[in-house]
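Structure first, then comments.
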Amino acid sequence: MNRKKQIKINRDFCKSPFGENREPSDQQKRLPQPPLCKPPLSPERIPLSRDFEAVITQRDFYTILRQRTSQRFYKDAPMRLDQLSFLLWATQGVKSIRGNHYATLRTVPSGGARHPFETYLAVRLVEGLAPGVYHYLPLEHALEPVGPLENPEEQIVAAMDGQKWTGGCAVAFFYSFVPYRAEWRYDVSAHRVALLDAGHVVQNLYLACEAIGCGTCAVAAIDQKEADSLCRLDGEEEFTVYAAPVGLSDPEKNAQGNGRMYAQTILESNAIKPLEK
């Protein structure tokens, strides 16, 4: 497929399909609804606190919005487990369940209340957690271990398509998409809606980080195979769509790191096409 044709396909994908005639969805066919969340993978649980009073350091919403920025460089110090608990609740926490397990109402909006995402964590420096991959269980507000990480920094960088700055985070959030959870209701229109919803999730992560003295920078440039392998996903019925390294905020370190990174980017750009004088 040539480049122009692919661009046309991608642009059409971004347009709303809801005014078109569509085949009935599986929900309209009255087929069984998929589970609201992925079933737990193990019996082991790490319970998380719901007491966030001591966690939040900034409560003024205007200040949070004004100060929010992408942060790529962090303190080389561990996050507390209660800080991580707040970030998980703020991004995928369940507030209530509607009907006979028809839908969850969460801290983020989702088309049709489908919430077709799962949250995985690649933990490097979090108090009370061994380095490894964990899966968030939103209905229980708990974590379950998925597997160890022998070299978290290198494995996080590999999953983030070689972006070296990501390896300095305390924990990397990986958001997977479970397609049928959305397709059951929206059929072929599900995927555009789901990607919009992914933005809602990660924006909450940004704001929640700012409220507790942490920082994050959303990453779209993931290595699909590495990220799916890290989270133990099959890559078809569930696969990674978004990622975000998180760490304790260090504004000075972040400014210096960004300066070096931008300078290198300019050098690389000039090597390809010199700037006009």
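Note that this is a predicted model, so its numbers are computed, not measured.
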Taking a hydrophobic cluster as the set of Ile, Leu, Val, Met, Phe, Trp and Tyr residues connected by side-chain heavy atoms closer than 4.5 Å, whether directly or through intermediates, do Phe173 and Val219 fall within one such cluster?
no

Spacing of CZ belonging to Phe239 relative to NZ belonging to Lys225, to within rounding of 0.5 Å:
15.0 Å

Would you say the side-chain atoms of Arg232 pair up with the backbone N or O of Leu230, donor to acceptor, closer than 3.5 Å?
yes

Within the distance-only criterion (no hydrogens, no angle test), does the side chain of Trp184 pair as donor or acceptor with the backbone N or O of Pro179 below 3.5 angstrom?
no

So CD of Gln71 and CG of Asn254: to nearest 0.5 Å the spacing works out to 5.0 Å

What distance separates Tyr186 OH from His191 NE2, expressed to the nearest 0.5 Å?
13.0 Å

For residues Leu121 and Val133, determine if any side-chain heavy atom of one lies less than 4.5 Å from a side-chain heavy atom of the other.
no

Under 3.5 Å: donor-acceptor pair, side chain of Gln28, backbone of Ser25
yes

State, yes or no, whether a side-chain contact exists between Leu125 and Met79 at a heavy-atom distance under 4.5 Å.
no

Going by atom types only, do Gln224 and Thr240 share a side-chain donor-acceptor pair under 3.5 Å?
no

Could you state whether Val178 and Leu137 fall into the same hydrophobic cluster, counting links through intermediate Ile, Leu, Val, Met, Phe, Trp or Tyr residues with side-chain heavy atoms under 4.5 angstrom apart?
no

Does any donor atom in the side chain of Arg22 or Ser189 lie under 3.5 Å from an acceptor atom in the other side chain?
yes

Pair listing, side-chain hydrogen bond (donor to acceptor under 3.5 Å, both in side chains) test, anchored in residues 119-134, at least two apart
Lys38-Tyr120, Asp76-Arg124, Tyr120-Glu238

Please answer: with hydrophobic residues joined when any side-chain heavy atoms are less than 4.5 Å apart, are Ile222 and Tyr242 in the same cluster?
no

So, do Ser42 and Pro145 sit near enough that their side-chain heavy atoms are less than 4.5 Å apart?
yes

Does Tyr102 have Arg114 sitting over its ring (NZ/CZ under 6.0 Å from centre, angle to axis within 45°)?
yes

So, Gln6 side chain and Asn2 main chain: donor-acceptor pair closer than 3.5 Å or not?
no

Is Phe86 close to Thr91 at the side-chain level, that is, under 4.5 Å between some pair of heavy atoms?
no

Side-chain donor or acceptor of Thr57 paired with backbone N/O of Ala211 under 3.5 Å
yes

Are the side chains of Leu105 and Ser96 in contact, using a 4.5 Å heavy-atom criterion?
yes

Answer yes or no: is there a side-chain heavy-atom contact under 4.5 Å between His115 and Arg106?
yes

Donor-acceptor check, side chain of Ser85 to backbone of Ser49, threshold 3.5 angstrom: yes or no?
yes

For Glu118, is there an ion pair with Arg181 - N to carboxylate O distance below 4.0 angstrom?
yes

Linking I/L/V/M/F/W/Y whenever any side-chain heavy atoms sit under 4.5 Å apart, do Phe52 and Leu205 land together?
yes

Any donor and acceptor pair, going by atom type alone, linking the side chain of Asn204 with main-chain N or O of Thr107 inside 3.5 Å?
yes

Shared hydrophobic cluster for Leu233 and Tyr175 (ILVMFWY, side-chain gaps under 4.5 Å)
no

Close side-chain approach of Arg68 and Cys209, heavy atoms under 4.5 Å
no

So, do Pro245 and Tyr74 sit near enough that their side-chain heavy atoms are less than 4.5 Å apart?
yes

Partner set under side chain to side chain contact (heavy atoms under 4.5 Å, CB included) for Pro35, not counting sequence neighbours:
none

Indicate the ring-plane relationship of Phe73 and Trp165, choosing parallel, tilted or perpendicular according to the 30° and 60° boundaries.
tilted

